[in-house]
Amino acid sequence: MARKRANERKVCFDERTTGGLAFELGRTLGELRAHRHCHLSLELVRVEGRACWDFAEEREVVDDGVILFFSALPHEIVVCEPGTRVQAVAIPLAEALAWADAPQLLDRVLAGELIRELDATIPALVDADSFPRWTHALRDGDATSREITSLEIEARAIRLLRARRPRPDHDPALSRSVTMVGVGGALRFIALNFMRPLTVNEVAAEVGWRRDHLMASFRRTCGISVWQFVTQLRLSEAQRLLGETTASVRRISDQAGFGSPIRLYDAFHRHLATTPAQYRRAIAS
Amino acid sequence: MRALLEHDVHASPTRHVGLSLVLARGGAVLEWMGDREVAADGDVLVFYSGYPHHLSAADDDASPITVRVPLARALCSSGRGQLGRLFEGAVVREPSDANRRAAEAAGFERWQVELSGEDECLVRAAHLDVEARVRRALAACGATATGDTERMGTSAARSVAAAAAYVAEHVLEPLPVERIARAVDISSKTMLASTRRAFGMPLTQYITRLRLAEARYLLVSTDLPVLAICHRAGFSSTARMYDAFDRLVGTTPGRFRRDAAWRRSRS
């Protein structure tokens with residue numbers, strides 16, 4: 001893929017709130033590398049104008065509309081045309097997985113597909129009204145308005161997922177590479193099963209690949225190992241539970257899939273340089 | 001438990017056990033408890049439609065849209081704690097925002113399509129949006145969660161809705177608690193507890209408020225003597241009606257009728 005680096009402005013979403021639903025603001029920055037978000041989420045993005053995203057293997061062009069994709073895929077946005085507005089809200093994965101019919105609805109987005117909208121299912125003026133309201137409410141709103149906003153965002157995501165269509169210039173069966181299908185399948189399987197004991201062999205069996213092949217492709221596509229991805233999901237789930245519940249650390253280590261408090265402590269120490277209890281206190285204050 | 005939609009405007013007072021969410025497109029007039037609530041173009045109204053009411057378009061060009069949320073669904077929602085004042089008979093009116101008017105109308109029209117369609121996913125999306133819209137209107141008008149804010153279980157919400165539907169149908173008859181409980185097929189104790197949780201008041205007070213609303217409606221819209229209205233509204237004696245007026249409206253039926261006529265002549 002030929003990437004035109006010249007005359008492109010990089011925009012990175014880097015302002016996030018912690019816990020719950022996050023919002024992001026488009027900001028023009030210097031050169032930035034592809035990134036993944038530390039909190040796993042689905043990104044619901046409205047584009048007014050034309051914007052391009054570079055994913056691991058493909059470039060996606062979005063003209064005026066709303067898209068949804070899984071933030072675990074390495075991605076960077078490249079705004080192609082001046083005057084383009086991009087508004088995004090992040091839906092924490094744990095929250096999306098709790099929706100009714102989540103497995104069917106989220107199947108393809110978790111498999112790594114960029115979900116686009118059928119033309120004119122929802123009048124553009126409704127989105128133009130709601131997205132700024134959502135980002136505002138998620139940033140500055142109280143608990144009630146955040147709760148109300150999350151209902152509306154869920155409704156919006158459902159409509160998008162029901163009305164999805166293949167990319168205009170591609171046959172969907174051909175456009176998605178074998179690698180992406182396999183790695184996407186692994187991502188989805190892990191995202192739905194990380195709360196229980198899981199082995200790399202099991203993931204490989206799920207996508208029908210050899211273990212070595214999966215590990216190599218996964219690392220090449222996502223930039224991290226399968227096991228790091230599992231740990232990342234468990235960590236963000238544990239962080240969420242520590243912030244939102246009063247459950248004991250032992251219970252959280254079970255619910256987040258760590259299996260034992262020792263592994264939870266180890267992951268916190270290694271990746272966050274803190275302990276679960278300290279993290280909880282820091283969130284609370 | 002689907003939310004229903006209505007384009008048409010009612011000719012006679014309606015009762016529907018649930019919440020009404022109205023977009024006053026072009027303006028609307030709501031006859032409510034003997035008073036007249038006038039909504040300007042684009043205003044959003046929310047009220048408990050279990051009380052008798054009559055909604056009409058402000059003029060020939062106006063076309064208000066009503067979305068109804070069945071009581072059981074409203075009670076299952078996480079915003080249940082904010083509903084208390086609606087059960088006490090308040091009409092919440094969120095004034096129209098000129099910048100949002102077109103988007104608001106498009107939203108209501110979309111819910112109409114989705115709620116009358118077959119796609120369960122889209123029905124669900126519309127339900128989420130309607131719930132959010134009701135809660136936003138309540139929040140905009142300063143409704144804060146009061147009392148018991150915990151989400152109600154589906155079965156408890158259903159039995160409360162069934163009890164409310166039974167009460168609405170038999171409000172003119174004597175309604176001992178045991179009779180309602182038998183009709184809904186749960187124990188009196190459970191029913192009293194869950195209706196109190198749902199309405200934020202004892203079941204007997206809810207029934208009294210329902211009869212009061214009926215009486216207020218009749219006092220303003222008819223010339224019937226107070227004694228006749230007392231029976232038509234389901235009060236077993238005039239003493240009970242006077243007592244209810246005194247406690248919950250702070251006036252007497254006769255004075256209420258005179259004051260309402262005076263207010264209407266001015267509007």
Side-chain angles (χ1 to χ4, degrees), chain A residues 20-21 44 46 48 66 68 89 91 95-96 98-109 115 117-118 120-134 136-138 140-164 244, chain B residues 1 3 23 42 46 69 73-74 76-83 94 96-115 117-146 149 151 154:
Chain A
L21 275 155
L44 183 66
R46 171 172 178 266
E48 196 179 308
V66 176
L68 184 72
V89 287
I91 307 162
E95 193 167 307
W99 294 348
D101 302 324
Q104 292 82 13
L105 269 177
L106 301 179
D107 192 55
R108 285 164 72 182
V109 70
I115 309 292
E117 183 115 72
L118 260 170
T121 42
I122 283 146
L125 71 114
V126 175
D127 284 324
D129 175 59
S130 49
F131 270 79
R133 189 154 45 78
W134 293 340
H136 179 76
L138 294 176
D140 301 323
D142 55 14
T144 306
S145 63
R146 288 164 65 98
E147 211 174 286
I148 293 170
T149 300
S150 76
L151 293 174
E152 293 178 336
I153 290 174
E154 179 181 350
R156 187 65 188 87
I158 290 174
R159 292 196 182 95
L160 179 57
L161 288 162
R162 291 298 291 180
R164 63 197 168 189
E244 294 177 6
Chain B
M1 298 226 295
L23 173 68
V46 184
V69 186
R73 174 165 290 282
C76 288
S77 94
S78 47
R80 188 175 69 77
Q82 292 161 295
L83 301 178
E94 187 186 326
S96 139
D97 175 346
N99 299 324
R100 303 200 52 243
R101 207 170 290 170
E104 191 88 81
F108 270 75
E109 282 162 14
R110 183 159 41 101
W111 300 335
Q112 284 190 309
V113 173
E114 287 170 344
L115 288 170
E118 293 298 313
D119 189 328
E120 286 302 320
C121 272
L122 294 181
V123 169
R124 187 175 138 64
H127 276 147
L128 289 166
D129 263 350
V130 168
E131 180 186 337
R133 191 67 194 83
V134 167
R135 294 188 61 185
R136 269 204 287 129
L138 289 170
C141 298
T144 46
T146 49
T149 55
R151 200 184 282 242
T154 320

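Convention: sequence-line order gives letters A, B, ...; per-chain numbering from 1. Keep in mind that what you see is a predicted model, and the values were worked out from it rather than measured.
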Residue list, side chain to side chain contact (heavy atoms under 4.5 Å, CB included) with A:E147, at least two apart or on another chain: B:S78, B:R135
[X] side, atom [atom1]; [Y] side, atom [atom2] - distance, nearest 0.5 Å:
{"X": "B:D129", "Y": "A:I153", "atom1": "CG", "atom2": "CD1", "result": "11.0 Å"}
{"X": "A:R162", "Y": "B:L122", "atom1": "CZ", "atom2": "CG", "result": "6.0 Å"}
{"X": "B:H127", "Y": "A:E154", "atom1": "NE2", "atom2": "CD", "result": "13.0 Å"}

Could you pull out the closest heavy-atom pair between [X] and [Y], with the gap in Å?
{"X": "B:A125", "Y": "A:A155", "answer": "O-CB, 3.3 Å"}
{"X": "B:A103", "Y": "A:D129", "answer": "CB-CB, 3.6 Å"}
{"X": "B:A102", "Y": "A:L125", "answer": "C-CD1, 3.3 Å"}
{"X": "A:I158", "Y": "B:C121", "answer": "CG2-O, 3.5 Å"}

Options B:R133, B:R124, B:E131, ranked by heavy-atom pairs under 4.5 Å with chain A, top entry: B:R124
Worked check of side-chain contact (heavy atoms from CB on, under 4.5 Å) between A:E152 and B:L128: CA-CA 6 Å; A:E152 293 178 336; B:L128 289 166; over 6 Å; no
4.5 Å side-chain heavy-atom contact, A:R133 and B:R136: yes
Listed partners of A:T144 passing side chain to side chain donor-acceptor pair (under 3.5 Å), at least two apart: none
